[in-house]
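Numbers restart at 1 for each chain; the letters A, B, ... are given by sequence-line order, proteins then strands. Keep in mind that this is a model prediction, so the values were computed, not measured.
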Amino acid sequence: MGSRYDDLLSLFVRRGFLWPAVDLYGGFAGFYDYGHLGAALKRKWEGVWLSYFLGLGDNYHLIDTTTILPEASLKASGHVDHFTDILVTCTKCKESHRGDQLIEAVTHEEAEGLTPAEVDAKIKELGIRCPKCKGELGPARPFNMMFPLAVGPSGRDRAFLRPETAQGAYLNFKREFEALRRKLPLGLAIVGRAYRNEISPRQGTYRMREFLQAELQIFFDPETADAEFPPGSIRADPIRVALAAEKHEPSARDRAPADLIARGLPAFYVHHLALVQRFYLDRLQVPRERFRFAELDERERAFYNKVHFDIQVDQGSLGGFKEVGGVHYRTDHDLAGHAAGSRKDLSVTIDGRKVVPHVLELSFGVDRNLWALLDLGYELSPSRAVLHLPRPLAPVAVGVFPLLSKAGLPERAESIYRQLRGGLDALYDEAGSIGKRYARMDEVGAPFCATVDHATLEDGTVTLRERDSTAQVRVASSGLAATLRDLIEGRTDFQALGPAVERN
RNA sequence: GCAGGCGUCAUCUAGCCUGGUUAGGAUACAGGCCUUCCAAGCCUGAUGCGGGGGUUCGAAUCCCCCCGCCUGCACCA
């Protein structure tokens with residue numbers, strides 16, 4: 001166990017994808033930096049994500065909002081209260097316990113939201129001792145998952161780093177609704193950083209204290225939602241789901257959208273499950289059996305979600321299916337909360353009716369998604385190390401080499417490289433043997449390699465090698481950029497370029 | 001946060017128990033030679049004991065503290 005994780009991290013570090021932040025000083029738990037390949041991959045992932053999800057609606061738009069939010073807004077959202085746990089540590093065995101749970105275990109009454117002083121008083125009154133060793137419990141102290149900040153010279157304006165990007169969309173809903181001429185559904189997407197003071201960050205970029213979210217908040221009229229997002233268009237998409245009751249099963253099963261609706265899920269929600277699944281299976285090329293939605297039961301759900309399925313990808317390095325995102329039906333919780341907190345009316349008028357729009361949140365952890373893609377794509381065998389990234393996401397699109405470092409081949413290869421690099425992520429390499437250069441490109445996931453040989457000098461063709469099959473065809477160097485773009489964007493099949501070149 | 005394990009070149013690792021080595025190897029990397037398509041070969045080169053304190057004539061090695069990583073528990077939108 002753990003070796004897959006080690007192999008992956010070794011690749012990431014050696015090649016320039018990602019590594020622990022500040023590792024010059026020994027590292028900084030919960031923080032990771034991306035190197036040149038990781039940053040490029042992330043940019044491309046964001047581009048694919050934006051084009052797909054903004055493309056789902058005519059009224060879906062990207063916005064960009066602050067990472068620091070004042071206390072009042074996070075009080076209204078519920079985060080100040082619900083993101084805080086009161087911890088009580090045993091003086092004898094040092095075990096930490098949640099104060100509210102200790103009290104609830106005795107009284108069977110809701111105890112969340114008590115202050116530390118109230119928790120101390122209750123513990124004394126009820127004579128609660130450490131459930132583990134019966135030792136005496138120490139004083140209660142608050143632990144909030146949000147990073148507090150003191151804003152301004154006085155430091156009296158309390159604020160926090162945002163624990164999720166979503167609040168930026170809710171805070172700006174009214175403005176955008178007006179600017180976009182009062183139409184629902186309205187989609188507001190944010191790609192940005194969020195911060196949580198995780199107690200024990202672990203497992204690479206899986207649980208971090210600073211991370212990148214890509215979220216689409218869809219504001220809609222609950223009265224007409226199922227008509228707005230009809231299940232008809234996704235009827236032919238069986239959805240891979242593990243229901244809450246069967247979440248300990250290792251996999252998932254395909255269920256017809258109609259079955260899920262019959263189980264009580266809203267049709268508009270099932271509609272979006274199918275769309276998210278298409279993104280993973282088609283755009284990110286995740287193998288079907290390694291993808292699933294996992295339903296969360298009431299205990300596991302966040303305080304604001306009415307329906308919640310995790311988006312999960314099966315990852316060898318992390319020991320199985322792990323969450324990379326979620327589809328959350330947040331109802332009117334957020335807009336109603338901000339309406340109350342700000343004392344502004346956030347309802348809108350649709351067809352003469354006043355409604356507070358409901359929100360469906362499609363939420364993605366970008367770092368988790370990148371890790372998952374790299375894990376799924378990395379094939380490490382005694383004979384080859386290949387990163388099978390989807391072509392549009394590969395940080396290096398094409399390697400350009402001279403077959404030999406002499407006879408004018410490097411000059412010709414470099415000139416082809418210079419023509420390509422304007423519109424493509426091309427890389428020139430003449431170090432080592434040709435086989436070594438192919439191996440280098442395989443390991444960073446470059447889908448193609450173009451090699452200049454003596455025939456190039458005579459007829460202007462180069463060999464073009466495809467990463468996954470290692471097959472080669474001869475193509476004209478003059479149209480290489482267009483050919484590569486067609487291949488990367490899926491307009492051309494590699495096989496259609498011509499007969500494969502025989503290997504000597 | 002608790003418990004256990006761990007930390008040596010870019011990567012994987014030998015050395016640590018039993019203190020004294022020019023800290024060794026492999027891979028990778030750089031330069032050169034060779035080479036007409038898949039990590040070949042030869043020559044040359046650079047890079048390391050997580051950080052800080054202590055013990056000692058002498059510390060990668062023994063002790064303490066810190067940082068980080070892994071696993072389990074707890075926590076987890």
Quick one: which of B/U36, B/C38, B/C2 gets closest to the side chain of A/Arg465? B/C38
Any side-chain heavy atom of A/Arg465 within less than 4.5 Å of one from A/Thr451? no
Distance between P atoms of B/A14 and B/C6 (Å, rounded): 12 Å
Stems field, RNA chain B, Watson-Crick or wobble, 3.5 Å, at least 3 pairs, by first number, holds B:1-7 with B:67-73, B:10-13 with B:24-27, B:29-33 with B:41-45, B:50-54 with B:62-66
For B/C37, take OP1 and OP2 only and decide whether either is under 4.0 Å from a side-chain N or O of A/Thr463. no
Once you apply a heavy-atom cut-off of 4.0 Å, does A/Ala385 come out as touching a base, just sugar-phosphate, or nothing? base
Heavy atoms only, 4.0 Å cut-off, all strands: where does A/Arg209 land among base, sugar-phosphate and nothing? nothing
Have a look at A/Leu376 and tell me which of A/Val286, A/Leu389, A/Asp314 forms a side chain to side chain contact (heavy atoms under 4.5 Å, CB included) with it. A/Val286
OP1, OP2 of B/G51 versus side-chain N and O of A/Tyr25: anything below 4.0 Å? no
Tell me whether the side-chain N or O atoms of A/Arg202 pair up with the base of B/G68 as donor and acceptor below 3.5 Å, since no angle test is needed here. no
Over 60° means perpendicular and under 30° means parallel, so tell me whether A/Trp49 and A/Trp45 are parallel, tilted or perpendicular. parallel
A/Asp64, CG atom: more than 12 neighbouring heavy atoms under 6.0 Å: no
Sugar-phosphate, base or nothing in reach of A/Gln203, heavy atoms under 4.0 Å: sugar-phosphate
Check step by step if side chain to side chain contact (heavy atoms under 4.5 Å, CB included) holds for A/Leu171 and A/His338. CA-CA 7 Å; A/Leu171 291 166; A/His338 285 304; 3.8 Å; yes
Using the benzene-type ring in the case of Trp, are the ring centres of A/Trp371 and A/Phe17 under 6.0 Å apart? no
Can you identify which nucleotide, out of B/C29, B/U11, B/C38, has its nearest atom closest to the A/Thr470 side chain? B/C38
Which value, in whole Å, describes the distance between the C1' atoms of nucleotides B/C66 and B/U21? 30 Å
Answer yes or no: does a side-chain N or O of A/Arg440 lie under 4.0 Å from OP1 or OP2 of B/C29? yes
Could you list by number each residue of residues 395-409 of chain A showing a heavy-atom separation from RNA chain B of less than 4.0 Å, or answer none if no residue does? A/Leu403, A/Leu404, A/Ser405, A/Lys406
When you get a sec, tell me which of B/C76, B/C37, B/G1 is the closest nucleotide to the side chain of A/Ile434? B/C37
Criterion salt bridge (charged side-chain N to carboxylate O under 4.0 Å, His left out) against A/Glu443, the qualifying member of A/Arg467, A/Arg384, A/Arg15: A/Arg15
Any idea how A/Tyr428 and A/Tyr417 line up, ring-wise: parallel (<30°), tilted (30 to 60°), or perpendicular (>60°)? tilted
Measuring from the side chain of A/Tyr438 (C-beta onward, heavy atoms only), which nucleotide among B/A30, B/A74, B/C37 has the closest atom? B/C37
Closest to side chain of A/Glu198, choosing from B/C37, B/C70, B/C76: B/C76
